[in-house]
Amino acid sequence: MMGNIVKEKLFINGKWVETDTTHKIYNKYTGELFSEVCVADERLVDQAVEAAVYAHKNTLFLPEHRYTILMRTAELLLESSEEFAKIIAQEGGKPITDAKVEVNRSISTLKIAADETKKLVGEIIPNYNVPGRFMYTVKKPVGVVAAITPFNFPLNLVVHKVAPALAAGNPVIIKPASDTATTAIKLCKLLEKAGVPNGYVQCVVGSGSTVGEQLLRDERIAHYTFTGSPAVGKHIRKTIGLRKATLELGSNSATIVHSDANVGKAAMRLAKMAFSHAGQICISVQRIFVQESIQEKFLEKFLKEVSLLKVGDPLDPDTDVGPMINESEAKRIEQWVREAKEGGAEILIGGTREGNIFHPTVITNVRKGMKALDEEVFAPVVTVSAYRTIEEAIELVNDSKYGLQAGIYTSDLNLSYKIPYLLEVGGVIINDTCCYRVDQMPYGGVKESGNGKEGPSYAIQDLVETVTVVVNLED
Ligand code: NDP
């Protein structure tokens with residue numbers, strides 16, 4: 001304990017381990033020291049993998065036990081939800097109202113994953129052309145799982161990896177984003193209290209370039225479940241060879257507002273979802289395409305809504321937009337907006353920075369080649385462009401190296417039916433923005449947005465091995 005700052009230990013093989021090297025985590029709004037977390041060295045990471053392998057081979061971890069642990073963790077999280085929301089608001093800079101939503105979603109993710117423990121069944125294979133053989137499949141855990149997670153949902157994105165891994169019966173090693181690692185450590189405390197067997201959940205904190213790299217190169221790890229940037233996702237693919245990975249990566253997600261849409265509703269919701277968590281959400285609304293006949297009406301309502309957003313302290317329940325994760329990220333987006341302006345774009349609102357706060361920014365007259373349009377902004381910046389025909393809008397949405405989710409506002413039933421087949425994305429949200437996710441739905445992208453699906457009942461498919469059994473019934 002240093003002043004009122006607690007030194008958070010690492011959870012390795014059922015024990016809390018203190019190390020000499022620590023990582024300081026700051027309150028993203030005030031800049032004050034928030035917590036100090038122990039950092040794992042090479043030896044500790046190795047010990048964690050060894051303990052996970054041992055647990056996998058030697059512990060009888062039955063589905064009923066997994067169910068009880070996940071449900072108990074959900075109960076414990078509910079009891080400490082205020083505490084978790086405050087940690088997320090301080091170390092992650094997420095407005096407290098959104099942090100509370102994240103905690104509630106995490107409780108729900110744990111419960112959904114618990115139910116999956118009851119569904120791990122194989123199937124009988126029909127043998128209509130092979131008399132004398134009985135064939136069936138069984139599902140077994142894949143082995144040690146490494147969960148590498150980002151800063152922006154420091155609880156729910158850890159739960160989305162840990163809970164399905166446990167439900168499937170796998171030991172999981174968490175490597176949380178260093179900047180928001182307190183939340184992951186606190187989650188381990190709940191899992192310990194819930195009775196998780198030694199070695200089944202461990203947490204190793206340290207930078208991606210050290211701890212992350214070591215995990216990637218350790219051949220004892222069977223599966224990687226990663227959420228983060230496309231650059232690191234590609235690096236993981238290259239490094240792990242034939243071992244399996246689920247990759248949830250970035251995007252420059254789009255929403256179409258068609259001529260037959262409810263413009264008022266669309267404008268209000270888009271203003272909220274383009275700037276939620278300061279735009280640092282992988283499906284944040286980054287590109288809005290509006291049919292030209294309603295562009296003026298849309299912009300008038302949209303800009304009014306954006307101007308009403310309250311920027312400030314994440315702990316204030318009235319705050320809509322908090323700080324970005326650090327000042328260098330805020331400076332990066334300031335530069336991207338400046339470049340867009342120099343290239344002919346028009347800033348309709350925002351464009352200013354104070355420290356790591358970037359004010360909600362709407363840009364128009366953007367064109368291909370501008371980073372603010374082509375790359376993932378991951379900041380409170382949105383572009384608005386007009387289109388003539390729906391075919392043109394679809395082309396604009398698809399003209400991206402990413403493909404996570406897309407939204408469309410329309411009252412046309414035929415278009416609603418057809419559009420999921422035409423957009424190159426992993427999820428289509430009709431009459432809401434692209435920034436929509438609930439935890440039971442299959443979630444994941446195409447192109448550089450990654451591969452594999454999250455949502456416990458989908459994630460678990462990659463976390464079990466299907467073993468085929470053939471029984472020869474002939475003497
Ligand atoms: P990063 O890719 O920078 O980091 C994600 C995690 O990977 C962190 O734990 C980081 O560690 C670790 N890491 C970094 N380098 C390596 C490496 N060489 N080997 C192994 N691990 C490594 O992403 P951010 O945390 O900045 O998160 C933002 C990104 O995440 C955005 O692109 C966003 O779109 C994406 N994202 C995608 C989501 C989805 O579901 N598709 C959801 C949320 C975010 P450390 O930071 O400690 O160095």
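All ligand and atom numbering here is 1-based and tracks the order in the structure.
- Contact check for Lys9 versus Thr19: no side-chain heavy atoms found under the 4.5 Å cut-off.
- Taking the six-membered ring where the residue is Trp, Phe151 and His277 present perpendicular rings, their angle passing 60° and hence far from 30°.
- The nearest heavy-atom contact from the protein to atom 27 (O) of ligand 1 is Pro150 CB, 3.4 Å.
- Numbered from 1 in the order shown, with element, the atoms of ligand 1 that lie under 4.0 Å from a heavy atom of Thr227 read 5 (C), 36 (N), 37 (C), 38 (C), 39 (C), 40 (O), 42 (C), 43 (C), 44 (C).
- A cation-pi arrangement is found for Lys189 relative to Trp16, the charged atom lying closer than 6.0 Å to the ring centre and inside a 45° cone about the ring normal.
- Between Glu248 and Phe226 the shortest side-chain heavy-atom distance does not fall below 4.5 Å.
- Below 3.5 Å of separation, one finds an N or O of Ser178 facing an N or O of ligand 1.
- Ranking the protein heavy atoms by distance from atom 28 (C) of ligand 1 puts Phe378 CE2, 3.4 Å first.
- Taking distance alone, with nitrogen or oxygen atoms compared against 3.5 Å, Ser449 stays at or beyond that limit from ligand 1.
- For atom 40 (O) of ligand 1, the closest non-hydrogen atom of the protein is Tyr443 CE2, 3.2 Å.
- Atoms of ligand 1 found under 4.0 Å from any heavy atom of Ile148 (numbered from 1 in listed order, with element): 6 (C), 7 (O), 9 (O), 12 (C), 21 (N).
- Annotation: side chain of Thr22 is not in contact with side chain of Val37 (no heavy-atom distance under 4.5 Å).
- For ligand 1, the polar-atom distance check against Leu249 finds a nitrogen or oxygen pair separated by under 3.5 Å.
- In summary, the atoms of ligand 1 found under 4.0 Å from a heavy atom of Cys282, numbered by their order in the structure, are 34 (O), 36 (N), 37 (C), 38 (C), 39 (C), 40 (O), 41 (N), 42 (C), 43 (C), 44 (C).
- The nearest pair of heavy atoms linking Leu216 to Ile240 is O-CG2, 3.8 Å.
- Ligand 1 has no N or O atom lying under 3.5 Å from any N or O atom of Ser209, backbone or side chain.
- Looking only at distances, a side-chain donor or acceptor of Glu102 sits under 3.5 Å from a matching main-chain atom of Leu155.
- When heavy-atom distances to ligand 1 are checked against a 4.0 Å cut-off, Phe153 has no atom that comes that close, whether in backbone or side chain.
- Shortest contact from atom 35 (C) of ligand 1 to any protein heavy atom: Gly228 O, 3.2 Å.
- Minimum heavy-atom separation, Gly92 to Thr180: CA-CG2, 3.9 Å.
- At the top of the distance list for atom 24 (P) of ligand 1, counting protein heavy atoms only, stands Phe151 CD2, 3.8 Å.
- Residue contact check: Asn152 has heavy atoms under 4.0 Å from atoms 43 (C), 44 (C) of ligand 1.
- Under the salt bridge (charged side-chain N to carboxylate O under 4.0 Å, His left out) test applied with Asp432, the options Arg437, Lys265, Arg269 reduce to a single match, Arg269.
- Shown in contact with Leu157 at under 4.0 Å from a heavy atom are these atoms of ligand 1, numbered in order with element: 42 (C), 43 (C).
- Residue Gly208 places at least one N or O, backbone or side chain, under 3.5 Å from an N or O of ligand 1.
- For atom 30 (O) of ligand 1, the nearest protein heavy atom lies closer than 4.0 Å.
- For ligand 1, the polar-atom distance check finds an N/O of Glu376 within less than 3.5 Å of one of the ligand's N/O atoms.
- Closest to atom 23 (O) of ligand 1, if we only count protein heavy atoms, is Ser229 N, 3.5 Å.
- In terms of polar-atom proximity, defined here as any N/O pair under 3.5 Å, Thr149 does make such a contact with ligand 1.
- Using a 4.5 Å cut-off on side-chain heavy atoms (C-beta onward), Val311 and Pro360 make contact.
- Of the heavy atoms in Pro176, only backbone atoms (N, CA, C, O) come closer than 4.0 Å to ligand 1.
- Here Leu404 has side-chain heavy atoms under 4.0 Å from ligand 1, and that is the only part of it that gets that close.
- Taking the ring centre of Phe34 as origin, the terminal cationic atom of Lys24 falls outside the region bounded by 6.0 Å and 45° from the ring axis.
- Residue Glu213 places at least one N or O, backbone or side chain, under 3.5 Å from an N or O of ligand 1.
- Taking a cut-off of under 4.0 Å to the non-hydrogen atoms of Lys175, the atoms of ligand 1 that pass are 8 (C), 9 (O), 10 (C), 11 (O), 45 (P), 47 (O).
- At least one test fails for Arg353 against the ring of Phe358: distance under 6.0 Å to the centre or angle within 45° of the axis.
- A salt bridge is defined here as a Lys NZ or Arg NE, NH1 or NH2 lying under 4.0 Å from an Asp or Glu carboxylate O, and Arg338 with Glu342 fails to meet this definition.
- Interface of Gly206 with ligand 1, defined as ligand atoms under 4.0 Å from a residue heavy atom, comprises 47 (O).
- Ion pair Lys310/Asp320 not flagged as a salt bridge, since none of the NZ, NE, NH1 or NH2 atoms sits closer than 4.0 Å to an Asp/Glu carboxylate oxygen.
- Within the model, atoms CG of Leu120 and CD of Gln461 stand 8.5 Å from one another, a figure rounded to the nearest 0.5 Å.
- Atoms of ligand 1 lying under 4.0 Å from any heavy atom of Ser207, numbered from 1 in the order shown and given with element: 47 (O), 48 (O).
- Atom CD1 of Ile419 and atom CD1 of Ile429 lie 12.5 Å apart (nearest 0.5 Å).
- Here Gln280 has no heavy atoms under 4.0 Å from ligand 1, in either its backbone or its side chain.
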